[in-house]
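What follows is one structure encoded as structure tokens, with my remarks underneath.
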Amino acid sequence: MMASSYNAKDEDGHHPGSVGSGGPGAVKSKKPDNTAFKQQRLPAWQPILTAGTVLPAFFMIGLIFIPIGIGLLVTSNNIKEFEVRAVAIATSYCVIRALCSYTAPRTKDFSNVFMYYGLSNFYQNHRRYVKSRDDSQLNGDKSSLLNPSKECEPYRTSDKKSIAPCGAIANSLFNDTLELFYIHPNGSRIAIHLVKTGIAWWTDKHVKFRNPGENNNNLSIVFQDTSKPVNWRKPVYELDPSDPDNNGFINEDFIVWMRTAALPTFRKLYRIIQKKKDNMTPTLPPGNYSLEVIYNYPVRSFDGRKRMILSTISWMGGKNPFLGIAYITVGSVCFFLGVVLLIIHHKYGNRNNNADIPN
Amino acid sequence: LNFCSWEERRVRANDRDYNEKFQYASNCIMTSKYNIITFLPVNLFEQFQEVANTYFLFLLILQLIPQISSLSWFTTIVPLVLVLSITAVKDATDDYFRHKSDNQVNNRQSQVLIGGILQKEKWMNVRVGDIIKLENNQFVAADLLLLSSSEPHGLCYIETAELDGETNMKVRQSLSVTSELGDPNNLAQFDGEVVCEPPNNKLDRFCGTLYWKDCKYPLSNQNMLLRGCVLRNTESCYGLVIFAGPDTKLMQNSGRTKFKRTSIDRLMNTLVLWIFGFLVCMGVILAIGNAVWEKEVGALFQSFLPWDPPVDNFLFSAFLSFWSYVIILNTVVPISLYVSVEVIRLGHSYFINWDRRMFCSRSNTAAEARTTTLNEELGQVEYIFSDKTGTLTQNIMTFNKCSINGHTYGEEQHMRVQALDFSAWNPLAARDFCFYDQSLLDAVMEGEPAVHEFFRVLSLCHTVMSEEKSEGELLYKAQSPDEGALVTAARNFGFVFRSRTPGTVTTQELGKAVTYTLLAILDFNNIRKRMSVIVRNPEGRIRLYCKGADTVLFERLHSCNHELMNVTSDHLNEYAGDGLRTLAVAYRDLSEEQWEEWSEHFRGADKATDCRDDRLAAAYEEIEQDMMLLGATAIEDKLQEGVPETIAILSLANIKIWVLTGDKQETAVNIGYSCKMLTDDMTEIFIVNGHTVQSVREELRDGGKEAEAPPPSLLESISGEFALIISGHSLAHALEADMEREFLETACACRAVICCRVTPLQKALVVELVKRHKKAVTLAIGDGANDVSMIKTAHIGVGISGQEGIQAVLASDYSFSQFRFLQRLLLVHGRWSYLRMCRFLCYFFYKNFAFTMVHFWFGFFCGFSAQTVYDQYFITLYNIVYTSLPVLAMGIFDQDVPEQRSLEYPKLYEPGQLNLLFNKREFFICIAQGIYTSVVLFFIPYGVLSHATQSNGVPLADYQTFAVTTATALVIVVSVQIALDTGYWTAINHFFIWGSLGTYFTILFAMHSSILFNIFPKQFHFLGSAHNTLGQPVVWLTIALATVICIAPVLAFRFLKLDLKPQLSDTVRHTQLVLQKKRKPGGRAGRGVGGAGGSRRSGYAFAHQEGFGELITSGKNMRLSSLALATFASRHSSSWIDTLRRKKHANSPGDRLLKIQLCHHRNKLHFKIY
């Protein structure tokens, strides 16, 4: 995109053997070597900003960015997203069954639907919060299990037993239960099957998080000398007793929570509603749905909010209008800038083409 | 005795045991700082005296406090250790070379008399009290008391160029009692004891007493040979070591070199302080934010995230958060800044060392950057202070032209013809003599009487001594190079001066030996400006031959010479216009009676005890009348190669050149003309020569007024160039506190300034004056020890190497062997260095602000908890691996225009002088750009990722994904920016830029790999992030978006600047690269030499010392063999040497004033330099 010229500078007329007396046995010449490097004559590409390179660059950016932006925006708009805000209605720390029913006017969608929970004003990115974990304990290290890292303070030990999993992150695990029912026009409630695996990074599930005790399937023995996190209602080995591959440290809800969010308002993947196998019926047929929340998680105290989001996914992920709009804007600005520069260039610019170089 | 040894030094010859008692320093010198054991502690101690290093140590300690530590300790310790070790390695190498050079000096051989036998000894083993033998052209090993010499009367000649820069030979004489101890056997028996002053740094003073055989002999500086001098024209001599090694006057004079800093350095330090202020502000803002957050949100959030135990309220938390933020924001001024700057300067220094076009094959010396920290200042020089002798000129005089009997010879040939070959007909001709005009030789052959007489004068009227080692091998010992040139010219044209005794001069005139009786030498002095000899030729005719300044001589010519005088005068004007040194030559026939009468008169004057000088002068005046003009000679004080061109180019580059010389006014002005500093087009040349405060002030005021007055017409303003010539004694007044402003203003209004007859100290004071008041970068260039003070004072000192003296080179920052290399040093290397350094700094501050400020914005979203945005490894490696090499490559290799262009267009040098490329304004632009980039880099990922999910539904808004995205975007943006900044893409640049990007991704994937995690699960918790993040198209779209938003405005802005207001360098570059037009080099040919210039004809421009005539006629400096013929005893037994010394400091009242001035200033300088 730039005018260039390879400029291997012409050799300077170097005079071989022009050294002093020069006779045999004469003093060794200290004349520096005549290499392109030492003489700063390395061949080089010397780009230069000219109207011929800069202006097309701007137009190119414009022409590339605007279509991409439009494409992104269209894709994003095609994604269906449905959000339920403010699930919490009751005071904290009382277990209630929140029963709400919503009308979800879903259009036909044959792909997987993803179910998220969202929290706002929750500072998972706080420095003391972020570091309050012991990755080697979570990786199944026996000694860390019984003697967790100091970073976990003050959630390191309880009743003189080490906490597993230790630290503030684990301690604040999101423990509401969300269930979704389809309200059949005939009034019956059909529970939607929610898949609770496959929601975490593969590396997290298979490398980073490991249960201690090798192949010992009886996790209660493995964790017997540890204590459950203070806020938890049940120990770590009872997170999902039904599925040994989703229990203990490798419970995916736990793993997802342990992957801290970058921003105080975030959402995390909760469940996946798998598409129908026949590819003929939509994953979530249009109709009324009821969301049932077992409310365990207190957010009122710090002015937090909970959400539940249902969303489909495209090649570029979830609904994300920002990217498309940004691309269109930047593309147009660049194009416009190109035009302005072109005008300026034609009207006032470029005296250096044939200017006399003042000396 | 012990008490005495404090006050005085006692040295007994040939008695090591006795001298050992005093524990005098040995002759071993040590300039190195460390040895193997002391290196580490001493070096570390020195390094931690640097504020920057201590600061980083402080940060390191902060990081070890867990409540504060927002970054792990290795983010600071890795760069710190790197920096400390690089510096340590550099110091170690420097010291190694110092050790080596010490060793080399210490191991020089000298001959020491031990037990009556001469033994070879290394210099370092020479002890005080030893007697050593010196041979011709050897360096004096220590401060010696001259005992005896091979020359008669214990005389020996030394050159003190390395000590005081004076190139004139000096005479030293031993005490007569010791000079008789000719051979080693006698000397071995010598057991005299010297009691003298303790070591000091006064070069011109020594007092002591020699006790020998129950007698006391006073000793003075006249008996001393100082270390650093070179023995000349003396076969050998013996000396007693009085001061050795560090006690010698040479070493006592080499004060600690002051550490020089460049203006960029100073600016950088100011900016770094500002940045620290900025950092504290950021810290305070974020700490306040933290207080508010902890109070409003954090307090409620405690059920999930309780405060750390020592923290019990939000204020304490804010206090800790301040320090945490100081730690994470400190990367705005990373430690690598200082290292990179040093590395770049080192690279530039190597380029200077490697430059073939600054290599002089004649002396086999390459340019050398002796200080590696000043390079970019070479691109900002505004004032050059140059020495004359040895720097502008070669100190070689050549007989260039002459005018004989109204006919001028030696006219400049357009096509250089072959130099005349004299050896064919004149076996005694000197081989290295060159003359190009055949007609003069023809005239000699044809036997033209005037021409013969002309050369006869040259062969007779001088004070040169000859030496004939073997038949025909003539060697002249001239005490001034001018005289040597004239006698050599006569020799080649067939009038060979062969030998002299006190009473005769033997010449060989066209192959025939002729012996003249030397009746009298009418010696040269400053007032007479001429010298004459009266000789009787073999036929018995008496003639007076005279040569001298034309102005003086023309007044004393016979009236019949009028016509010839006019013609010769025209010739002289012509010669002077070429900057040649001229002399007029005349003779007078004397009858026997006239001679008798005058010699009676003369003897009377000579014997007079009072007013001898005046009476002698009157006597001389009496006889030097009614002379017949023969012609004039023109001697070229050979300029160094390319001096006028260099000066022309440098003045086109707006650099002002001042010549500071110890030489006479006439000589200096001559050189001014010949190197085109002074031209005939100049409106006026002010000459300030006053001896009193008042007169100097008036002269300066006149000059100042005229130079500053608005030019009356347009024409005047174009050609209105002034020059100022000021002499040393006037300068003494001008440099006083109340007049220096006035002097400076006048001087700066002039295009050329020449200060003549200045002392080394005054040179330094002038430089200091300009440095202090003009805030401009000064460069001093010189070759001799007399330039050392100014070289050390100026911002940049340049020494001319390749000559014998090395004092100036040792004190200098850069050295090379030719003045003309200065243009390359400044216009090519200096300009590039400055450009590169400025581009480097701009980019460096930019990239670190872009990098660091992201944390600031993130602070608002993470509860001001000092959480970093990036992985800690990224923070550690960003400055030392990911972004360091491309900018280093740019800082070392970048070129905007090729070197030929910067010499063709000296105006390209101006941005450096005006400090345009990096100043506070540019700095703020860089900072603003950096902050803008950081905003984009934070908020674009923020906007995109907060809602985005991977294609498998997992949200992208987790911390690690965000960190990887931002870091990758940052690395790409700064790489694109460096690509935009790099103007000269060599393979190395390509390699570094692409390599850095490649390294980033490689390291990223390696650090996030499961292999490392399995080994250190606690350290590498970013497991899988790179893979999961960079596999997402959304992330790449985000990065592309951020890059375009960051770069597009920069591109548009640069394009507009280039398009609407191109700098000269842009235009030249554009012309060079795009239009590819072949342009002829700009008109920089020297101006034509103007015609008439009667005012500046050189006078008797000898670098000549009075008293040598007397020395000859006394026969003191003759060898005994040649004295055998001498019939008359020396007339003035010992007075000649006193005269020699006394006359050196002419005794006008003004000079006395000057001396007082000097003492005054010397005290001042002591404070300043030492």
Side-chain angles (χ1 to χ4, degrees), chain A residues 3 5 18-20 27 29-32 34 38-40 42 44-46 48-49 54 61 114 123 125-130 135-136 139 154 168 172 201 203 207-208 259-263 266-267 269 301-302 313 315-318 320 322-323 326 330 334 337 345 348-350 352 355 357 359, chain B residues 70 300-301 303-306 351 354 356 359 361 364 366 861-863 865-867 905 907 943-944 946-951 953-955 957-959 962 983-986 1010 1017-1018 1021 1023-1024 1028 1033-1034 1037 1041 1044-1045 1048 1051-1052 1054-1055 1058-1060 1062 1067-1070 1073-1074 1082:
Chain A
S5 71
S18 61
V19 181
V27 206
S29 171
K30 292 178 194 150
K31 187 160 192 173
N34 189 17
K38 288 187 174 182
Q39 302 308 317
Q40 306 195 58
L42 286 175
W45 174 55
Q46 300 184 50
I48 183 167
L49 296 179
V54 175
I61 292 173
F114 295 80
Y123 285 81
N125 58 3
H126 195 282
R127 178 167 59 88
R128 279 184 290 120
Y129 186 88
V130 169
D135 278 314
S136 98
N139 193 35
S172 57
W201 288 13
T203 42
V207 184
K208 199 171 183 181
R259 178 154 289 281
T260 52
L263 298 162
F266 58 88
R267 57 166 131 170
L269 187 55
S301 64
F302 59 91
I313 290 292
W315 61 270
M316 53 155 286
N320 196 0
F322 178 86
L323 198 56
V330 170
C334 279
L337 213 58
H345 174 66
Y348 310 100
N350 217 358
N352 58 16
I357 297 172
N359 201 343
Chain B
S70 46
L300 305 174
F301 201 57
S303 56
F304 291 124
L305 186 63
F351 282 134
W354 285 334
R356 285 166 72 86
F359 173 80
S361 39
N364 195 19
F861 296 88
C862 69
S865 60
Q867 172 63 21
Y905 307 105
K907 279 272 177 273
V944 177
S946 56
H947 295 294
T949 59
Q950 292 186 6
S951 43
V954 179
D958 67 291
Y959 167 71
F962 192 83
Y984 193 76
W985 286 69
T986 62
S1010 45
K1018 276 188 190 169
H1021 54 265
L1023 168 71
N1028 275 296
V1034 180
L1037 287 172
L1041 182 69
V1044 168
I1045 296 179
L1051 201 63
R1054 292 211 176 158
F1055 172 71
L1058 217 62
D1059 207 37
L1060 300 178
T1067 319
V1068 171
R1069 189 180 165 86
H1070 191 265
L1073 293 174
V1074 179

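- Per-residue heavy-atom pair counts under 4.5 Å with chain A were compared for B/Ala957, B/Ala366, B/Ser1010, and the maximum is reached by B/Ala957.
- For a residue to count as touching a neighbouring chain, one of its non-hydrogen atoms must lie under 4.5 Å from one of that chain's; by this rule B/Ala1048 touches chain A with backbone and side chain alike.
- Only the side chain of B/Val1044 comes within contact range of chain A, judged by heavy atoms closer than 4.5 Å.
- Looking at B/Pro1033, only its side chain comes within 4.5 Å of chain A, counting heavy atoms on both sides.
- No side-chain donor-acceptor contact under 3.5 Å links A/Thr203 to the backbone of B/Gly1024.
- Checking side-chain atoms of A/Gln39 against main-chain N and O of B/Trp354 turns up a donor-acceptor pair under 3.5 Å.
- Judged by distance alone, the side chain of A/Arg128 and the main-chain N or O of B/Pro306 form a donor-acceptor pair under 3.5 Å.
- Scanning for salt bridge (Lys or Arg N to Asp or Glu O under 4.0 Å) contacts around A/Lys38 gives A/Asp33, with sequence neighbours left out.
- Without hydrogens or angle criteria, A/Asn34 side chain to B/Arg356 main chain gives no donor-acceptor distance under 3.5 Å.
- For the residue pair B/His947/A/Asn320, the side-chain donor-acceptor check at 3.5 Å is not satisfied.
- For chain B, the nearby parts of A/Tyr123 are the backbone and the side chain; heavy atoms of each come within less than 4.5 Å.
- Residues passing the side chain to side chain donor-acceptor pair (under 3.5 Å) test with B/Thr986, sequence neighbours excluded: B/Asn989.
- By the 4.0 Å N-to-carboxylate-O rule, A/Arg259 lies close enough to B/Asp958 to be salt-bridged with it.
- A heavy-atom distance below 4.5 Å is found between the side chains of B/Phe1055 and A/His345.
- Across every non-hydrogen atom of A/Gln40 and B/Tyr984, the tightest pair is O-OH, 4.1 Å.
- Although no hydrogens or angles enter the test, the distance criterion places a donor-acceptor pair under 3.5 Å between the side chain of A/Lys208 and the main chain of B/His1021.
- To the nearest 0.5 angstrom, B/Gln950 atom CD is 9.5 Å from A/Ile313 atom CD1.
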